[in-house]
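Atom set for the values below is all heavy atoms of this structure, side chains included, hydrogens, waters and symmetry mates excluded.
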Amino acid sequence: MSAERSIDGDEGPSDPIEPPERDARPPPLAVAASLAAAGVASLAALLAAPLGGTLVGVAAVGLAAGSTRRSPRTLSWAAGAGVVGLAVAGYRGGSVEPLLASGVALAVAWDVADHGLSVGEQVGRGARARRNVAVHAGTSALVGALAVAVAYGVYVAAAGSQPVAALALLLFGAVALASALR
């Protein structure tokens, strides 16, 4: 309430109004989009290899916990657990296609969750950030899909005679994907 003047000119209460405290949690759309992408990552990894898919599912739970606790460190640890899950699924003989889809979905889930934390800190949960989050998630998914398309194309072209070269090129594609998302 602002300072009020009485009829005789004296100022009323001089307590300045304190603005309401901003809710710094991530926007609900960012949390929902991150969990949806994490669910896709878990399902795709589960189709590739059950043990790896289970680890990626644990990563999805970690992403949810990191979003609710507003902890970038928890998000990073969860993404790391997801990468370990993908590596286990690949080691256990999972096919390339679901692993690539899972990798992109996991990267999108982490990126959207991290972006949601930033948006929540900067403008608060109540701000209209729906378009911002949707564009960010769509762009991340598009960049990931393009990177996977290139990596998979190289894998298919090189898979016949040089499996070590194909593995190296897939690793290069993963590094390119990670750098493109950052």
Check your understanding: Of the non-hydrogen atoms in Ala78 and Ala59, which two are nearest, and what is the gap between them?
Key -> O-CB, 3.1 Å
Practice item. Output all residues satisfying side chain to side chain contact (heavy atoms under 4.5 Å, CB included) with Ala33, sequence neighbours left out; order by chain, then residue number. Key: Val112
Review point. What are the two closest non-hydrogen atoms of Ala37 and Val108, and how far apart are they?
Key: CB-CG1, 4.1 Å
Exercise for review: List, by chain and then residue number, the residues other than Trp77 in its hydrophobic cluster (Ile/Leu/Val/Met/Phe/Trp/Tyr, side-chain heavy atoms under 4.5 Å); write none if there are no others.
Suggested key: none
Check your understanding: Under the side chain to side chain contact (heavy atoms under 4.5 Å, CB included) test, which residues partner Arg128, sequence neighbours left out?
Key -> none
With a cut-off of 3.5 Å and sequence neighbours excluded, list every side-chain donor-acceptor pair involving residues 91-107.
residue: Glu97; atom: OE2; partner: Tyr152; partner atom: OH; Å: 2.5
residue: Ser102; atom: OG; partner: Ala41; partner atom: O; Å: 2.7

Point to revise | Remaining members of the apolar cluster that contains Leu55, side-chain heavy atoms under 4.5 Å | key: Leu51, Val84, Val88
Review point. Considering residues at least two apart in sequence or located in another chain, which fulfil the side chain to side chain contact (heavy atoms under 4.5 Å, CB included) criterion with Glu121?
Key: none
Revision key, fill the gap. So the side-chain hydrogen bond (donor to acceptor under 3.5 Å, both in side chains) pairs with at least one residue in residues 53-75 (sequence neighbours excluded) are Ser71-Thr74
Practice item. Kindly say whether Ala30 contributes a backbone atom to a donor-acceptor pair with the side chain of Ser34 at under 3.5 angstrom? Key: no
Review point. Which ILVMFWY residues are connected to Val123, directly or by a chain of links, through side-chain heavy atoms under 4.5 Å apart?
Key: Val119
Study note, to complete from the structure: Applying side chain to side chain contact (heavy atoms under 4.5 Å, CB included) to Leu35 and not counting sequence neighbours gives Val31, Ala64
